[in-house]
*Asks:* 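Here it is: the structure, laid out below.
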Amino acid sequence: MKLSLVGDNDTSEEVASLDAVPTGVDAVAHRIVHGGTRFREPVVIDDDVENELGALTELAPLHNGPAVAAVDAARRALPDVPHVAVFDTAFHATLPEAAATYAVPRRWREDWGIRRYGFHGLSVQWAAERVPVPRLVVCHLGGGCSVTAVRDGRSVETTMGFSPLEGVPMATRSGSIDAEILLHLLRAGKLSADEIEDALERDSGLLGLSELSSRVEELERSDEPCARLALDVFAYRVAGAVGACAVALGGLDALVFTAGVGEGSAWVRKEVCSRLRFLGIELDEASNRDPEPDAEIAGPGSPVRVVVVHAREDVVAARAARTLVGAAAR
């Protein structure tokens, strides 16, 4: 669990634990990954809201379950201040209908809420504020990975969908695969539904491809062919997603890399951008080697800006909580 104390001027410092939270905080902002159809804006948490958040756990099992446990612990530790849930899905509420809709029967969509939600919204929002161009693609590459197209500050396409499992390969998550694979494994009795979910969430992605590590920096140091395969698959899929987002935007003004891998791996940035030269993207190798975010790393004359942005989801969450709590006080 990541904890930070965010000041009015957007400065922040890490907090070791809930027991170490200093006195005088005005509110607690909780990043919640999946808001479902119910939560599309920040909301003050009460018992009913906490129960509803718990019901969404199955849509994002790696995230919402621990988040709800953290909400419960924080409300017990800090009972005298408001607690606010801020949702990663909220930023993607602007997805056009064509981008948000799966080609499945109407009953699935209208009665059962099957649609594309999108995630990493707090991170993408921050990147869009830092790089305010008309046509932006944000590569949030960390333990979870997504690629999002942002037009004039609004999400119009993203790789994650109904859950944070869709899209490009991630540290331990598969990303998108053919649904028939799952049906085949079930029909053949190879795996149960729970075993399939566990494998796709925890044993796939970079870890499943390499069988060595889920961490990009460790795979980069390895000479094993399976490590190189994992990295090549990752870079190929991310670049393909950027290309698709450029189609959604009708072009590209800037490309952002953010989160742990996006900020930390010069190799990933280079390999992704090398596959996107047809869009005019050129990197400056010296700038890419060891950038200090926020940093411009495009080569001279590149028509597309390439920027490494330090993820500040805590600041976006704190701003939302401050606004909501301030409005309630008035």
Side-chain angles (χ1 to χ4, degrees), residues 1-94 113 117-129 140 142-144 146 155 160 163-164 258-259 310-330:
M1 182 167 61
K2 297 179 182 178
L3 296 171
S4 61
L5 182 67
V6 182
D8 290 341
N9 60 355
D10 292 344
T11 59
S12 64
E13 58 185 80
E14 290 187 10
V15 178
S17 69
L18 287 172
D19 293 334
V21 174
T23 58
V25 298
D26 298 315
V28 181
H30 297 265
R31 176 200 173 204
I32 306 295
V33 165
H34 210 312
T37 56
R38 164 72 171 81
F39 299 110
R40 306 187 79 174
E41 299 288 344
V43 61
V44 174
I45 300 171
D46 57 20
D47 290 344
D48 289 338
V49 168
E50 186 174 334
N51 289 335
E52 289 190 60
L53 295 177
L56 294 171
T57 296
E58 65 177 284
L59 301 183
L62 290 184
H63 302 89
N64 272 38
V68 172
V71 166
D72 185 67
R75 291 181 70 202
R76 292 175 187 276
L78 299 163
D80 299 324
V81 297
H83 291 250
V84 175
V86 185
F87 300 93
D88 262 332
T89 46
F91 183 77
H92 301 291
T94 58
Y117 290 97
F119 302 90
H120 293 141
L122 303 184
S123 174
V124 177
Q125 180 179 335
W126 176 257
E129 292 176 8
H140 177 107
S146 66
S155 174
M160 286 180 169
S163 80
T258 190
H310 179 50
R312 295 294 304 280
E313 294 152 306
D314 56 346
V315 172
V316 178
R319 286 177 180 174
R322 191 177 295 119
T323 298
L324 186 62
V325 170
R330 291 195 298 270

*Asks:* Nearest heavy-atom pair of Gly118 and His92: which atoms, and what distance?
*Replies:* C-CD2, 3.2 Å
*Asks:* In Å and rounded to the nearest 0.5 Å, what is the CZ to CG distance from Arg322 to Asp26?
*Replies:* 8.0 Å
*Asks:* Quick one: closest heavy-atom pair of Ser12 and Val6, and the distance?
*Replies:* CB-CG2, 4.0 Å
*Asks:* Measuring from Thr89:OG1 to Met160:CE, what's the distance to the nearest 0.5 Å?
*Replies:* 12.0 Å
*Asks:* Centroid separation under 6.0 Å, is that true for the rings of Phe119 and His34?
*Replies:* yes
*Asks:* Decide yes or no for Phe39 and Val49: does some side-chain heavy atom of the first lie under 4.5 Å from some side-chain heavy atom of the second?
*Replies:* yes
*Asks:* Taking the side chain as every heavy atom from C-beta outward, state whether Val71 and Ile45 have any atom pair closer than 4.5 Å.
*Replies:* yes
*Asks:* Any side-chain heavy atom of Pro22 within less than 4.5 Å of one from Leu5?
*Replies:* yes
*Asks:* Step through the shown structure and confirm whether more than 12 heavy atoms of other residues, nucleotides or ligands are within 6.0 Å of CG on Asp72.
*Replies:* yes
*Asks:* With a 4.5 Å limit on heavy-atom distance, are the side chains of Val86 and Arg31 in contact?
*Replies:* no
*Asks:* Would you call Glu313 and Lys2 a salt bridge, using N to O less than 4.0 angstrom?
*Replies:* no
*Asks:* Without hydrogens or angle criteria, can the side chains of Asp19 and Ser17 be said to hold a donor-acceptor pair below 3.5 Å?
*Replies:* no
*Asks:* Could you tell me whether the side chain of Ile32 reaches within less than 4.5 Å of the side chain of Leu53, counting heavy atoms only?
*Replies:* yes
*Asks:* Quick one: are Glu50 and Arg75 in side-chain contact, heavy atoms under 4.5 Å?
*Replies:* yes
*Asks:* Would Ser146 and His140 count as having a side-chain donor-acceptor pair, cut-off 3.5 Å?
*Replies:* no
*Asks:* If the test is salt bridge (Lys or Arg N to Asp or Glu O under 4.0 Å), which one of Asp314, Asp8, Asp10 qualifies with Arg319?
*Replies:* Asp10
*Asks:* Would Arg312 and Ser123 count as having a side-chain donor-acceptor pair, cut-off 3.5 Å?
*Replies:* no
*Asks:* Would you name the heavy atoms of Phe87 and Leu122 that are closest together and state the gap between them?
*Replies:* O-CD2, 4.2 Å
*Asks:* Quick check: are there more than 12 heavy atoms from other residues, nucleotides or ligands sitting under 6.0 Å from CD of Glu129?
*Replies:* yes
